[in-house]
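Keep in mind that this is a model prediction, so the values were computed, not measured. No hydrogens, no waters, no symmetry mates; every other heavy atom, side chains included, goes into these values.
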Amino acid sequence: MFIALVSLDKNTVQWTLQYLSREHNFTQLELESQVPKERGGQRFDTHTQMIEYATQHWQSNLVTTSLHSCTCSDVDTFLRRPFTLLVALESSIENIKKSLTQQLPPSTPALDLAAFLRWFDGAYRAQRDTLSRAQLNIYNGHETEDAFVDVLREANIVDEQRIRPSWDTYFMELADLASQRSNCMKRRVGAVLTQDKRVVSTGYNGTPKGLLNCADGGCKRCNSGVEMGFAECLCLHAEENALLEAGRGRIGECAVLYCNTCPCLGCAVKIVQTGISQVVYNHGYRVDQKTLELFRNAGVVLRHTPMKRRAPSDKSTTDEECDDSDEIAQNQDQDDNSSQATLSESDLAPAEGGGDHSGSGIKSSTIKTASIPLNSPSLNQLATSLGLLITHSDIDVNDVIVKSECLPNKHKQQHAHPSVCHHWLRDSAAAGRILPIALYVLDDYNPNNSEDGSDDLPPNPQSKNACFRIHPLNSPNEHLVHALRILKQDRVARDERWNALAYSRAAAMVKSFPHRIRSKDDIRLQLSYDSNDTVHTKNIGEKKIRAKIEEYLNYGRISEAETIQNSPSHKLYNALCSIQGIGPRRAYELSRTGASSLGELVERGSITQEDVTLAQHLELGIPRTEVSSIAGVVMENARTLLPHPTHAICGGYRRGKSESNDIDILITHHGYTLQQMNEFLANLARRLQDMGFLTKLMRQLSLSDGHSDKHDYQSTLLGVVASSSKYGTTDSAQVTFRRVDIIVCHPHSFHLEVLAWTGSVMYERDLRAFVKRRNLKLNASSVYNEHTNNEVDLSGIRSERHLLAFLHLPWIAPENRNCD
DNA sequence: AGCTGGCAAACA
DNA sequence: TGTTTG
DNA sequence: ACAGCT
């Protein structure tokens with residue numbers, strides 16, 4: 001995305017630039033004439049050149065401040081591109097004056113008010129046009145950078161939704177637009193009825209056709225100040241209008257109704273009767289409890305979608321008296337089931353759209369919403385203060401998905417402990433998305449043993465351990481990282497294990513650099529943004545690797561890496577490695593038997609054609625949508641064998657990769673022993689094989705054989721599935737073979753397993769190396785003391801984040817663990 | 001200078 | 001036991 | 001033909 005910042009306040013602009021480059025890896029593009037030369041970024045002579053450059057690199061994060069004083073047509077050109085966002089940074093007059101004063105040379109006399117006003121008038125007039133066209137306005141009323149950065153984080157500038165709205169947002173904004181046509185005196189309400197992502201009809205509220213408009217006095221009830229009964233109202237609701245307009249014939253199988261406001265009970269009845277399958281609403285802190293209940297019983301999915309495209313300050317939608325306010329049930333009794341913090345089937349309905357154009361890499365960590373019918377005011381208060389909306393679900397498939405029924409049966413009638421919910425909310429706020437609550441009550445919970453959340457360790461970019469650093473999916477130094485990985489591959493091939501490790505570590509270190517490395521001084525880490533203190537970068541030694549990087553900086557390439565990459569034997573070696581069962585050793589041997597191609601080796605009988613073909617299939621990347629649909633098929637079958645499984649999709653998918661190599665599914669179940677889980681896995685494998693989905697088992701299942709109770713490792717199923725178009729493969733007719741890894745584990749070690757199966761390899765390696773220094777040994781299913789062999793009790797661990805805090809490690813979001 | 005560098009399971 | 005795998 | 005730590 002390409003962001004242009006316009007503002008009168010230079011300090012605020014600077015803070016924003018630093019925030020964008022630090023936390024979202026933005027590169028700065030500027031015009032040579034406008035900004036003094038400083039570190040970082042790219043320079044251009046004209047706007048056109050800059051925009052052209054951005055068009056070529058539209059998938060990177062780019063930012064400019066050079067748009068403020070350009071002509072209207074330049075702003076037009078900028079805004080016409082589909083990847084741009086114009087952000088106005090407004091600021092208090094106080095801040096603007098402070099910035100201006102700081103810019104003036106120290107010798108100038110103090111700025112008097114009249115002079116400041118003259119300057120302000122001129123500057124404002126020059127920028128007014130551009131400012132008024134901004135798609136996002138952020139106001140800085142704070143004096144310190146830290147306070148403002150919090151505002152920036154909340155605004156979530158990088159939200160892809162602003163650049164291209166999801167279907168939900170798109171239809172909801174149409175509903176909002178429809179509401180503008182309302183002529184009801186009480187409230188503006190709009191609705192849009194859709195079918196297969198197409199608008200069928202729209203509606204807004206007001207008096208029926210032919211009658212005097214409500215606004216002109218057509219409806220006595222709405223115009224009189226006194227409260228009159230609902231029955232007196234002549235106004236048709238927006239939902240009714242949309243339904244009437246469409247007619248029953250045009251409402252099909254999967255019609256979705258988008259409403260401005262959560263529908264009243266009267267409308268809900270009509271919605272159910274016309275066969276609408278989903279209702280999405282927007283302004284809904286006050287969910288009508290009766291509507292909710294009706295929809296739940298009738299099987300209509302009710303979701304909430306916030307107006308994501310607006311700035312956070314824009315919370316102007318006051319919930320004034322609405323025409324159905326008297327219908328809202330004030331549900332006081334907390335003792336019924338609806339106040340239990342559980343997720344139900346319909347609550348877990350995934351959001352429409354959003355995910356289906358996720359090809360462009362990292363998913364921004366927007367705060368997600370979840371549907372938990374929590375009636376506790378204190379929890380809602382806490383949630384709001386943390387910036388979480390506890391309403392209807394659009395839990396990402398990326399998340400650990402849990403069913404309500406996963407709660408232990410013996411506790412069925414009991415509420416989740418409030419303190420559990422508090423932890424859950426705090427964890428969710430810190431993680432930037434709603435974490436699955438059921439995992440917080442997965443096992444007996446001891447509220448005393450954990451005070452985590454606030455004392456999170458910060459990531460440390462200087463650390464030599466990858467588990468302390470941020471490694472985004474797309475680094476600004478991807479080329480260099482690639483070159484270092486080629487050298488690493490070469491050392492692996494030569495069986496120089498430790499040299500290979502050193503190159504891996506160096507590559508990971510470069511990967512964690514937040515800025516583009518342009519000179520050898522950049523290989524040092526900046527300690528802070530306003531000082532010149534630098535520190536030597538770990539894992540890049542003073543001799544060998546450093547020399548390679550300097551070569552890269554001088555000539556744009558590393559000759560050794562180029563030579564390796566172009567050598568035919570290396571190509572053959574790589575091809576051999578991708579075959580299942582052939583690792584570095586055999587690939588090295590085979591690649592120097594004099595053969596020049598895989599075909600030749602097949603003829604000789606060293607490898608089979610079958611293996612080669614399979615390898616070609618498995619080398620293809622798997623799009624995210626296909627990963628989730630394959631996981632869906634697996635889980636659908638899992639549910640027939642295990643009542644209410646808990647599962648998580650890990651691997652590259654969880655790390656946000658747009659294309660995965662395989663599908664890693666981790667499954668557990670509350671209260672099951674490992675043996676039971678292993679039996680379940682064997683049955684699942686059989687079932688998937690019988691239906692022809694799982695075509696090849698690549699590893700035998702290890703079934704724990706009763707007597708050895710020491711066998712508490714997770715068992716894994718590594719297999720190949722035939723994925724055809726019905727599971728989301730892009731190739732329409734053809735079957736593509738995909739790797740699936742299904743892992744079952746004990747519920748106690750679930751989060752540890754999630755951590756282990758999410759990777760990346762380098763992250764795991766350094767994680768274990770680090771905890772070892774505290775005499776802890778860590779594997780995929782347990783943590784124990786190296787000397788005493790005492791296992792650490794993990795049953796109180798409530799989340800992956802909690803686990804990391806427990807191990808004194810910083811929380812690095814999965815998307816930032818791409819160190820490979 | 002000398003030692004360490006992730007780790008366990010499954011297979012050949 | 002060494003190799004391959006996740 | 002690696003790098004960090006003691």
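Partner of A/Leu642 under the side-chain contact (heavy atoms from CB on, under 4.5 Å) criterion, chosen from A/His669, A/His647, A/Glu679: A/His669. Among A/Leu480, A/Ile545, A/Asn539, A/Thr537, the one residue that satisfies the side-chain contact (heavy atoms from CB on, under 4.5 Å) test with A/Val510 is A/Leu480. For the salt bridge (charged side-chain N to carboxylate O under 4.0 Å, His left out) with A/Arg738, the qualifying choice from A/Glu659, A/Glu626, A/Glu619 is A/Glu626, the only one to do so.
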- Task: Determine, stepwise, if the pair A/Phe513 / A/His515 fulfils ring-ring contact (aromatic ring centres under 6.0 Å, His included).
- Result: CA-CA 6 Å; A/Phe513 269 61; A/His515 55 82; 5.7 Å; yes

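Comparing the C1' positions of D/dA3 and B/dA8 gives a spacing of 26 Å, expressed to the nearest Å. To the nearest whole angstrom, the two P atoms, one in D/dC2 and one in B/dC7, are 24 Å apart. For C/dG6 and B/dT4, the P atoms lie 29 Å apart once the distance is rounded to whole Å.
The number of heavy atoms from other shown groups lying within 6.0 Å of CD (A/Glu542) is above 12.
One interatomic measurement links the two molecules: CD1 of A/Ile743 to P of B/dC7, which rounds to 20 Å at whole-angstrom precision. Here the P atom of nucleotide B/dT4 and the CZ atom of A/Arg505 are 14 Å apart, to the nearest Å. Residue A/Met762 contributes atom CE, which lies 10 Å from atom C1' of B/dG6 at whole-angstrom precision. Computed from coordinates, the A/Arg765 CZ to B/dA8 P distance equals 14 Å when rounded to whole Å. In this structure, A/Glu753 places its CD atom 13 Å from P of B/dA8, rounding to the nearest Å. Put simply, CG on A/Asp741 is 14 Å from P on B/dA10, counting in whole angstrom units. Put simply, CG on A/Leu807 is 17 Å from P on B/dG6, counting in whole angstrom units. Note: CD (A/Glu764) to C1' (B/dA8) measures 13 Å, nearest angstrom.
Near DNA chain C, meaning a heavy atom under 4.0 Å from it, residues 574-582 of chain A has A/Ile579, A/Gln580, A/Gly581, A/Ile582 in order of number. Contacts of residues 481-504 of chain A with DNA chain B (heavy atom under 4.0 Å): A/Trp498, A/Leu501.
A/Thr646 is not listed as a side-chain neighbour of A/Ile667, based on a closest heavy-atom distance of 4.5 Å or more.
Counting non-hydrogen atoms under 4.0 angstrom, A/Arg773 reaches nothing in the nucleic acid.
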Where do N or O atoms of nucleotides 4-6 of chain D meet protein N or O atoms at under 3.5 Å, pair by pair?
unit_1	atom_1	unit_2	atom_2	d
D/dG4	OP1	A/Asn539	N	2.7

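In this structure, A/Arg655 is not positioned above the aromatic face of A/Trp757 in the sense of NZ or CZ being under 6.0 Å from the six-membered ring centre and within 45° of the axis.
For D/dC2, neither phosphate oxygen OP1 nor OP2 lies less than 4.0 angstrom from any side-chain nitrogen or oxygen of A/Lys543. Here A/Arg768 does not reach the OP1 or OP2 of B/dG6: none of its side-chain N or O atoms lies under 4.0 Å away.
Looking only at atom types and distance, the side chain of A/Arg604 has a donor-acceptor partner in the side chain of A/Thr593 under 3.5 Å away. Donor-acceptor pairing under 3.5 Å is lacking for the side chains of A/Ser760 and A/Glu764.
A/Arg469 has no carboxylate O lying under 4.0 Å from a charged side-chain N of A/Asp766, or vice versa, which leaves the two without a salt bridge. Between A/Asp490 and A/Arg494 there is a salt bridge, since at least one side-chain N of the basic residue sits less than 4.0 Å from a carboxylate O of the acidic one. A salt bridge is absent between A/Lys657 and A/Glu815: the closest approach of a Lys/Arg side-chain nitrogen to an acidic carboxylate oxygen does not fall below 4.0 angstrom.
Partners of A/Phe680 by ring-ring contact (aromatic ring centres under 6.0 Å, His included), not counting sequence neighbours: none found.
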N/O donor to acceptor pairs below 3.5 angstrom from side-chain atoms of residues 546-555 of chain A, sequence neighbours left out:
unit_1	atom_1	unit_2	atom_2	d
A/Arg546	NE	A/Glu550	OE2	3.2
A/Lys548	NZ	A/Glu560	OE1	3.2
A/Glu551	OE2	A/Ser559	N	2.8
A/Glu551	OE2	A/Ser559	OG	3.1
A/Asn554	ND2	A/Glu550	O	3.3

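A 4.0 Å heavy-atom criterion places the boundary nucleotides of DNA chain C facing chain A at C/dT3 to C/dG6, written 5' to 3'.
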